[in-house]
Undergrad: 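Okay, here's the structure, questions in a sec.
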Amino acid sequence: MSVRRILKWSGLALLGFFGLVLLSMLSIHITMGRDIAATFAVDGELIVVPSDAASIEEGRRQAQLRGCFQGCHGRAAEGAVMIRLFDGTRVVAPNLGHIAARYSLEELERAIRRGVKPDGTSVLRIMPSEMLSTLSDEDLGRIIAWLRTQPEDSDELPDSRYGPVARIMGFVFKRQFGTVLAAEAITQEQLAPHGMSATIPRGRYLAETVCRECHGNDLHGTPDGSSPSLSMVTAYSRDDFETLMREGVAMGGRELGLMAVVSRSRFAHFTDDELNALYSYLNSVDSWFD
Ligand code: HEC
């Protein structure tokens, strides 16, 4: 084959390759766009929202344990731009006081526990609705009571927007990143029964509504290993577990990363009874070593 022919064919092959890459990117962009815009016909539930000062204060603590503030939604739930990428992606956690004042009670229940916004679109998996789906009516009621005492106004926040890089990441890392729809992942089984009952012990309820966010729905840790399996707690003494939860320091005096941050800002607010319940439950899970 002449040099010319070789050049011609390799040029064509290269062109074909880039054409294919471009086509796949376009198809991912369109597919993810459809996922983001998909709507869900799910009804919200009217729950009782208390108005006494003690319930509102307890609602604040319940919200703090779940990271409704001092986290994604900003220091005081005033909202924040969580992620900004060079491709125009902007992930915005809204001002919760603003949302609580504008959504009806059914709409709030639906957004928090079922992952569906008033316009029917999904909150996406960036918002931990899968974890919050098993929140009890009482705790959710108290959280909403507290949210409704929060200031509604803050600096104007822009809407979320997902550029090509975010969509490709969402496509490739479906399990960990945004664009898998929370609304699709929340099963009826998860939704009922809500929260604590005779068959769901308090420790399990707390693990499911507080720890799942990072340690995975089955608490066995994330596939990439960034959050370990909570079977680790079986190696902890009750005292070491308390030091981890209240001070963010791991067994053997190890300094941790994200876990240290959330322990100090959130888990330090567990009561002693809650820590006992959580510790006993995590030590009694049968499936750890299956
Ligand atoms: C916001 C995310 C997040 C939440 C929520 C969370 N964890 Fe973690 N946890 C982590 C990460 C990440 C690690 C790995 C260490 C690190 O990077 O800080 C970790 C590590 C741990 C470890 C291992 C510590 C060691 O000895 O190395 C235990 C035990 C643990 N978490 C328990 C819990 C319990 C119990 C809950 C619920 C009350 C919880 N975590 C909630 C993110 C989280």
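Order of appearance sets the numbers: ligands from 1, and atoms from 1 within every ligand. As the structure is a computational prediction, the values presented were derived from the model and not from experiment.
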Undergrad: If the cut-off is 4.0 Å to any non-hydrogen atom of S226, which atoms of ligand 1 fall inside it?
TA: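 Counting atoms of ligand 1 from 1, those under 4.0 Å from S226 are 11 (C), 12 (C), 13 (C), 14 (C).
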Undergrad: Using a 4.5 Å cut-off on heavy atoms from C-beta on, say whether the side chain of I112 contacts that of V123.
TA: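 SC-SC contact between V123 and I112 ruled out.
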Undergrad: Which class fits the ring pair F241 and Y236: parallel under 30°, tilted 30 to 60°, perpendicular over 60°?
TA: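 Aromatic pair F241/Y236 classed perpendicular.
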Undergrad: Just go through V262, L244, D240 and tell me whose heavy atom is the nearest to atom 28 (C) of ligand 1.
TA: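 Heavy atom nearest to atom 28 (C) of ligand 1 belongs to L244.
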Undergrad: Could you say whether the N/O atoms of L282 and ligand 1 ever approach to under 3.5 Å?
TA: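 No.
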Undergrad: Does R246 pair with E274 as a salt bridge, N-O distance under 4.0 Å?
TA: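 The answer is no: the pair does not qualify as a salt bridge.
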Undergrad: Counting only heavy atoms, tell me which of Y236, Y281, Y279 gets closest to atom 26 (O) of ligand 1.
TA: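 Looking at heavy atoms only, Y236 sits closest to atom 26 (O) of ligand 1.
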Undergrad: Under 2.8 Å from atom 8 (Fe) of ligand 1, is there any N, O or S atom belonging to H215?
TA: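 H215 does place an N, O or S atom closer than 2.8 Å to atom 8 (Fe) of ligand 1.
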Undergrad: Contact between Q62 and R66 at the side-chain level, heavy atoms closer than 4.5 Å - yes or no?
TA: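 In short, these two side chains touch, coming nearer than 4.5 Å.
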Undergrad: Counting only heavy atoms not in R238, do more than 12 fall under 6.0 Å of its CZ?
TA: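 Atom CZ in R238 is crowded, with more than 12 foreign heavy atoms closer than 6.0 Å.
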Undergrad: Do E45 and R114 come close enough that some side-chain heavy atom pair is under 4.5 Å?
TA: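 Yes, their side chains come closer than 4.5 Å.
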Undergrad: Give the residue and atom name of whichever protein heavy atom lies nearest to atom 23 (C) of ligand 1, and the separation in Å to one decimal.
TA: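 Among all protein heavy atoms, the one nearest atom 23 (C) of ligand 1 is M232 SD, 3.6 Å.
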Undergrad: Out of M251, R66, M245, whose heavy atom sits nearest atom 35 (C) of ligand 1?
TA: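 The option holding the nearest heavy atom is M245.
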Undergrad: Which of these, C211, G248, G221, A260, has its nearest heavy atom closest to atom 37 (C) of ligand 1?
TA: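 The residue whose heavy atom sits nearest atom 37 (C) of ligand 1 is C211.
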Undergrad: Kindly confirm whether atom 8 (Fe) of ligand 1 is within less than 2.8 Å of some N/O/S atom in M259?
TA: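 Yes, M259 qualifies, because one of its backbone or side-chain N, O or S atoms lies under 2.8 Å.
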